[in-house]
Amino acid sequence: MHNQEIAWALSEIADLMDIIGENSFKVRAFRQGALIVESIESPVTKLVARNQLSKIRGIGKGLCAEIESLVHYEKSQLLEKLRNEVPPGLLEILDLPNVGISSVRTFFKAGITTIEELEEMAKARKIRQLPGQGPKTELAILRGIEMIRRRSGKFPIGIAKSAAESFVHFLKNLPEVNRVELTGDLRRHEEMVQEIYILCTAEEESALLELLKKHPSATHILDEGAGYLRFRLTFGIPMHIEVTSEAEFIPRWVETTGTEAHWQALQDLRREQASHYNNPWQSYQTTEEAEENYYESLQLPWIAPELRDSGQEVEKAKQGKLPKLIKEQDIRGDLHIHTKWSDGVSSLEEMVMACQSRGYEYMAITDHSQSLHIARGLSEEQLLKQKKAIESLNKNSADFTVFSGVEMDILTDGRLDYPDEFIQEMDLVIASVHTSLRQERHKIHNRIEQALKNPHVDILAHPTGRLLGSRDPYDVDIDWLFDLAAKTGTVLEINASPERLDLSANLVKQAKERDILIAINTDAHDRARLGDIQYGINNARKAGLEKEDVLNCYSLKEVQKILNKPKSKRNSRS
DNA sequence: GCCGTTTTCGGCCCGACTGTTTTCAGTCG
């Protein structure tokens, strides 16, 4: 069992216990346990085998027992018991914004157990009659349900990807399987994923499908037919596995990766050219090389999956006008990182070492600022102390530089969390909206304006404040924001954390058109999450960014030069 | 449930804001 799956199980246990009114600290222990498991880099199964699990801080006897049961039997008796006790619809209700545990309990008591029942009651204006509820919450509930509907059964890419990876790994280890590749919207890096789609080849197609049906995750078969099987994973995501012949593999991979429009454009081109694809692909080392050969047969350069969208990319490819997309190796540093000094998990030194081992040239430590109490934000004195610690780290390493930065809150009234004379001493200042996310537009605009017009604010973090699939952006006019960023020379962030992916690929595309410099940052709170940079890069690729568009693709010297320039002159890329 | 002891129970990030309420509970970050 994959770490992520264990974490999901623990967090579901926490939610269910919370609903039935279990001790809140016990609930927190499980919730904390889920976070810990997620942040462990090595497979938990190995730790269990070596009896090292209980040595981890935060994992005691109780959690150890549940995790071991998950690893050994792929189930937990506690979870099964709770699932029997609590109607599954309540978890969906708990997911709604503005609905917490206490409201869920109130609804449960009133006999409401599904989103549909809740919606019906809200529409009949009966929710406002329940204790602690009122007309405004009723409206907020209906809006929340609307948001879930828009999501229409899709899953955020982060959840889908880790579920997919563990399954790909499982398939690759089966002796009867020859080739396994991810395809569909996950391969295109769509931020919301309809289903996990895996294409593979096997000696005996039907035997493989029969075997897969016995997999413990395949409890709920959705659909099956010649050469494919669809089932719902334990955590709700549909999994689509297709088995194809070696000869058909590449054409099927191309067909299932791109959108319908992309495939259609390729077919049109083939008819036009009357070209034929013969399948010499066994002579290639990797499936990617073989896929290049497929595009070559259409006299096209290989088109990156992220771009296989409207079909227009085929025309661009024909004319040799595809962007030279940014690659993971182009990233030279991460400019938004937290440590134990505020709400991070890893120490400053651990984060530095982790960035070095990723091959970066530089990084920025950007812990939270003083007003964000919950994140143990740093006072001026603490920040100065941290700056000294960073300076001494820098003295000891010749070929790696740590920027002394801060993620500074933009307060609810538009003031910034430190005075100008203080932040001008920092190497890098990121400004963020973390509080009062539901303010009216003019207030949000005022806050962003104050931050962007400040000469010392270098980057605006997670510029729309959305949480992918679970929270809408705050009320901001994107055109206005981009104009202001361009005018003031403020860098906008792609927050690579898969919970956020903010800016979205669509918005990044618009930002590029206005020549706004982008930074791709992880906002990592522990070492393991530095790997999230991949999500940000994929987002940038989807938007057609090249390395010149991204601040942290420049060398240390160039970045220092950019940061030393007055802000208003930064958007000219020289 | 976890941790850390002043070893076997007591404490466990907290403040702002909102929408309920007539003084506060729930939600959020």
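Nothing here was measured: the structure is a model prediction, and the numbers come from that model. Lettering follows sequence order; numbering is per chain, from 1.
At whole-Å resolution of the value, CD in A:Glu138 and C1' in B:dG19 are 13 Å apart. Going from atom CG of A:Leu139 over to atom C1' of B:dT20 covers 15 Å, rounded to whole Å. To the nearest angstrom, P of B:dC2 lies 12 Å from CD1 of A:Ile13. We find that CD1 of A:Ile141 is positioned 14 Å from C1' of B:dT18, with the value rounded to whole Å. Taking atom NZ on A:Lys55 and atom P on B:dC2, their separation rounds to 17 Å, with Å as the unit.
Of the candidates B:dT20, B:dG1, B:dC2, the closest approach to any side-chain atom of A:Phe30 belongs to B:dG1.
For A:Glu391, the side-chain contact (heavy atoms from CB on, under 4.5 Å) partners at least two apart in sequence or on another chain are A:Lys387. Residues meeting the ring-ring contact (aromatic ring centres under 6.0 Å, His included) test with A:Phe403, sequence neighbours left out: A:Tyr362. For A:Asp526, there are no side chain to side chain donor-acceptor pair (under 3.5 Å) partners two or more places apart in sequence or in a different chain.
Between B:dT20 and B:dA25, the two P atoms lie 16 Å apart (nearest whole Å). B:dG26 and B:dT21: their C1' atoms are spaced 12 Å apart (whole Å). Going from the P atom of B:dT5 to that of B:dC12 covers 15 Å, rounded to whole Å. On the C1' atoms, B:dC2 is 13 Å away from B:dT8, given to the nearest whole Å. Using atom C1' as the reference point in both B:dC13 and B:dC28, the two lie 14 Å apart (nearest Å). Using P as the reference atom, B:dG10 and B:dG15 are 25 Å apart when rounded to the nearest Å. A distance of about 14 Å separates the C1' atoms of B:dG11 and B:dT6, rounded to the whole Å.
A:Gln510 and A:Asn506 form no side-chain donor-acceptor contact under 3.5 Å, judged by distance and modelled atom types alone. For the residue pair A:Asp523 / A:Ser497, no side-chain donor-acceptor distance below 3.5 Å is found, with atom types taken as modelled. A side-chain donor-acceptor contact under 3.5 Å links A:Asn521 and A:Glu493. In this structure, a donor-acceptor pair under 3.5 Å is absent between the side chains of A:Thr522 and A:Asp532. Between the side chains of A:Asp343 and A:His525, at least one donor N or O lies within less than 3.5 Å of an accepting N or O.
Heavy atoms from other residues, nucleotides or ligands lying under 6.0 Å from CZ of A:Arg415 number 12 at most. Other residues, nucleotides and ligands contribute over 12 non-hydrogen atoms within 6.0 Å of the CD atom of A:Gln52. Under a cut-off of 6.0 angstrom, the local environment of CD in A:Glu349 is crowded, with over 12 non-hydrogen atoms contributed by other residues, nucleotides or ligands.
Separation of atoms CG (A:Leu416) and CZ (A:Arg447) is listed at 10.5 Å; rounding is to 0.5 Å.
Across all strands shown, A:Leu411 has no heavy atoms under 4.0 Å from either base or sugar-phosphate atoms.
The side chain of A:Thr137 places an N or O atom within less than 4.0 Å of a non-bridging phosphate oxygen (OP1 or OP2) of B:dT20. Proximity of A:Arg57 to the phosphate of B:dG4: a side-chain N or O atom is located under 4.0 Å from OP1 or OP2.
Applying the 90° criterion around 0 to the glycosidic angle, B:dT22 comes out anti.
Of the residues listed (A:Val429, A:Thr366, A:Leu378), the one engaging A:Val406 in a side-chain contact (heavy atoms from CB on, under 4.5 Å) is A:Val429, and it is the only one.
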Where do N or O atoms of nucleotides 8-10 of chain B meet protein N or O atoms at under 3.5 Å, pair by pair?
none

Find every protein N or O atom lying less than 3.5 Å from an N or O atom of nucleotides 25-28 of chain B, and list the pairs.
from: B:dG26; atom 1: OP1; to: A:Ser102; atom 2: OG; distance (Å): 2.9
from: B:dG26; atom 1: O5'; to: A:Ser102; atom 2: OG; distance (Å): 3.4
from: B:dT27; atom 1: OP1; to: A:Gly100; atom 2: N; distance (Å): 2.4
from: B:dT27; atom 1: OP1; to: A:Gly100; atom 2: O; distance (Å): 3.3
from: B:dT27; atom 1: OP1; to: A:Ser103; atom 2: N; distance (Å): 3.4
from: B:dT27; atom 1: OP1; to: A:Ser103; atom 2: OG; distance (Å): 2.5
from: B:dT27; atom 1: OP2; to: A:Ile101; atom 2: N; distance (Å): 3.4
from: B:dT27; atom 1: OP2; to: A:Ser102; atom 2: N; distance (Å): 3.3
from: B:dT27; atom 1: O5'; to: A:Gly100; atom 2: N; distance (Å): 3.3
from: B:dC28; atom 1: OP1; to: A:Asn98; atom 2: N; distance (Å): 2.3

Output one line per pair: protein atom, nucleotide atom from nucleotides 12-17 of chain B, and distance, for all N/O pairs under 3.5 Å.
from: B:dC12; atom 1: O3'; to: A:Arg28; atom 2: NH2; distance (Å): 2.9
from: B:dC13; atom 1: OP1; to: A:Arg28; atom 2: NH2; distance (Å): 2.8
from: B:dC13; atom 1: O2; to: A:Ile374; atom 2: O; distance (Å): 3.0

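B:dT27 and B:dA16 make up a base pair, with Watson-Crick or G-U wobble contacts both under 3.5 Å.
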